[in-house]
K.L.:
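Just passing along the structure, written as structure tokens.
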Number of protein chains: 2
Amino acid sequence: MADIKSPSAADLAGEELVRQGIELLFFAYRDFTAEPDRILDEYGFGRAHHRVVHFVGRYPHMTVGELLEILRITKQSLNRVLGQLVRQGFIIQHRGLQDRRQRLLELTERGHQLERLLSAPQRARVGAAFKKAGAPAVEGFRKVLLGIIESEEDRRRFEHPPPTRR
Amino acid sequence: MADIKSPSAADLAGEELVRQGIELLFFAYRDFTAEPDRILDEYGFGRAHHRVVHFVGRYPHMTVGELLEILRITKQSLNRVLGQLVRQGFIIQHRGLQDRRQRLLELTERGHQLERLLSAPQRARVGAAFKKAGAPAVEGFRKVLLGIIESEEDRRRFEHPPPTRR
DNA sequence: ATTTTATGTCAGCCATATTGACTTATATTG
DNA sequence: CAATATAAGTCAATATGGCTGACATAAAAT
């Protein structure tokens, strides 16, 4: 009965569903980054600055090395961006207490303001999408995205209702 | 009882959930693009080439203008990438029948091979995440991402089980 | 016949990434 | 303690992929 060469109807549906998932990620990411990108432009900053401000804001006292691991860029690339943010007073660095080679990163008040400004449209967009989709859908969204993330270490960031800050 | 100035517990949970959603998108997108990026390197191509190959593969006979709208880049940027793909035999262009100004785009067999090669790790990754998360979670993932996408026109691409090709 | 649209092209600029080599300060280890 | 390894910073050169602006061509629409 079944054609041994061609994919089953279920496989075709699965394949199509997966391809739609891939495309959904592209469109969602495109629109999710568009608004902050416009704001960044006004500061002469790029998306890289946003990423740094986001992660330093969320994980205060992060080291340069940890940031490099998360962003998966070279330290030369990071340093240009990070240096600008430090020189312009968005981020302060202080030496690690146990390991004085480390530079622990932290947002200044100005940095927090920028973070809130940049994340505002994203929070609005994602918040509205969550509200509209409903809690079970949000749970599904989280499950699938966690499944897409490669490293266990990165996934662990989402296990516990993360650090409340401010 | 309730402090009129500070956010409610529900708002805090919502805010934290949304911030996690934002971060999940970053990590998932980072890992979702990492593998094709490595393959593209071997061809001397970049992520832009992948996007073109993806959309031309998925929506054959797409015009240059439609591609520009989807990718939200300038025609000068597109043309460099598209020109390389055409010159190297991954894409063919033919004039529109009704409107002869249009250049309808299509993958060659070589283009289809490249598309499959590039999308293979993404299909594997997203497919595995879908399977592990289960059908209801996938439905939630779709709902939320659709809610994040700005334009009705883009969302409509996901209404009907899209064009089966090949 | 004129204007608008779809596409392509030239030139130059900028942001972000890369590799490789090297430095400094501090920690770790034999 | 001396040697080595690690965290971070820096210099230089290069590539990619965006951008703007100006202009060209062909075909469609008015």
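First the proteins, then the strands, lettered A, B, ... as listed; each starts at 1.
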K.L.:
Would you name the heavy atoms of A:R123 and A:R116 that are closest together and state the gap between them?
P.N.:
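Residues A:R123 and A:R116, closest heavy atoms: NH2-O, 3.0 Å.
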K.L.:
Is there a donor-acceptor pair under 3.5 Å between the side chain of A:S119 and the backbone N or O of A:E115?
P.N.:
yes
K.L.:
Start at the 5' end of DNA chain C and walk down; is the nucleotide closest to A:K75 or to B:L82 reached first?
P.N.:
B:L82
K.L.:
Run the ring-centre check on B:F55 versus A:F26 and record whether the distance is less than 6.0 Å.
P.N.:
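Close enough - the centres of the two rings lie under 6.0 Å apart.
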K.L.:
With a 6.0 Å cut-off on the ring centroids, do A:F27 and A:F32 count as close?
P.N.:
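No; A:F32 has its ring centre 6.0 Å or more from that of A:F27.
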K.L.:
Hey, quick one: are A:V86 and A:L40 part of the same hydrophobic cluster, counting side-chain heavy atoms closer than 4.5 Å, chains of contacts allowed?
P.N.:
yes
K.L.:
Counting only side-chain N and O atoms of B:S77, is one of them less than 4.0 Å from OP1 or OP2 of D:dG17?
P.N.:
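For D:dG17, OP1/OP2 do not have a side-chain N/O of B:S77 under 4.0 Å.
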K.L.:
Nearest whole angstrom, please: distance from the P of C:dA17 to the CG of A:L68.
P.N.:
11 Å
K.L.:
From CG of A:L71 over to C1' of C:dA17, roughly how many Å is that when rounded to an integer?
P.N.:
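Atom-to-atom, A:L71 to C:dA17, this comes out as 12 Å.
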K.L.:
Looking only at side-chain atoms of A:Q102, point me to the closest of C:dT7, D:dA7, D:dC19.
P.N.:
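Given the options C:dT7, D:dA7, D:dC19, the side chain of A:Q102 is closest to D:dA7.
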K.L.:
Do A:Q88 side-chain atoms and A:L85 backbone N/O form a donor-acceptor pair below 3.5 Å?
P.N.:
no
K.L.:
What's the CZ-C1' distance between A:R72 and C:dT16, to the nearest Å?
P.N.:
18 Å
K.L.:
State, without any angle test, whether A:H49 and A:Q84 hold a side-chain donor-acceptor pair at a distance under 3.5 Å.
P.N.:
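Distance-only check passes for A:H49 and A:Q84.
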K.L.:
For A:D41 and D:dT20, give me the distance from atom CG to atom C1', rounded to whole Å.
P.N.:
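These atoms are roughly 12 Å apart.
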K.L.:
With a 3.5 Å cut-off and no angle check, do the side chains of A:Q20 and B:R142 form a donor-acceptor pair?
P.N.:
yes
K.L.:
Over 60° means perpendicular and under 30° means parallel, so classify the ring planes of A:F45 and A:F90, tilted if in between.
P.N.:
perpendicular
K.L.:
Using modelled atom types only, decide if a donor and an acceptor are shared between the side chain of A:R30 and the backbone of B:I149 within a distance under 3.5 Å.
P.N.:
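Side chain of A:R30 to backbone of B:I149: no pair is present.
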K.L.:
Ignoring hydrogens, what is the shortest heavy-atom contact between A:T108 and A:G89? Give both atom names and the distance.
P.N.:
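Looks like OG1-O, 2.7 Å.
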K.L.:
In whole Å, what is the span from the NE2 atom of A:H50 to the P atom of C:dA15?
P.N.:
18 Å
K.L.:
Kindly calculate the angle separating the two end axes of the helix from C:dA1-D:dT30 to C:dG30-D:dC1, each obtained from five base pairs, and round it to 10 degrees.
P.N.:
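For the helix from C:dA1-D:dT30 to C:dG30-D:dC1, the axes at opposite ends meet at about 30°.
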K.L.:
Quick one: is A:R103 getting a side-chain N or O under 4.0 Å of the C:dT24 phosphate, OP1 or OP2?
P.N.:
no
K.L.:
Produce a footprint string for nucleotides 11-16 of chain D: one letter per nucleotide, 5' end first; B if the base is under 4.0 Å from any protein heavy atom, S if only the sugar-phosphate is, - if neither.
P.N.:
B-----
K.L.:
Check the distance between D:dG18's P and A:L40's CG and give it to me in whole angstrom.
P.N.:
17 Å
K.L.:
Would you mind reading off the distance between A:R38 atom CZ and D:dC19 atom C1', rounded to a whole angstrom?
P.N.:
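From A:R38 CZ to D:dC19 C1': 15 Å.
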K.L.:
Examine A:F130 together with A:F141 and report whether their ring centres are nearer than 6.0 Å.
P.N.:
yes
K.L.:
Using a 4.0 Å cut-off on protein heavy atoms (strictly under), produce a 5'-to-3' string for nucleotides 25-30 of chain D with B for base contact, S for backbone-only sugar-phosphate contact, and - for none.
P.N.:
-BBS--
K.L.:
In whole angstroms, how far is the P atom of C:dT16 from the CD atom of A:Q84?
P.N.:
7 Å
K.L.:
Determine the contact category for A:Q93: base if any of its heavy atoms lies under 4.0 Å from a base atom, sugar-phosphate if only primed atoms, P, OP1 or OP2 are that close, otherwise nothing.
P.N.:
sugar-phosphate
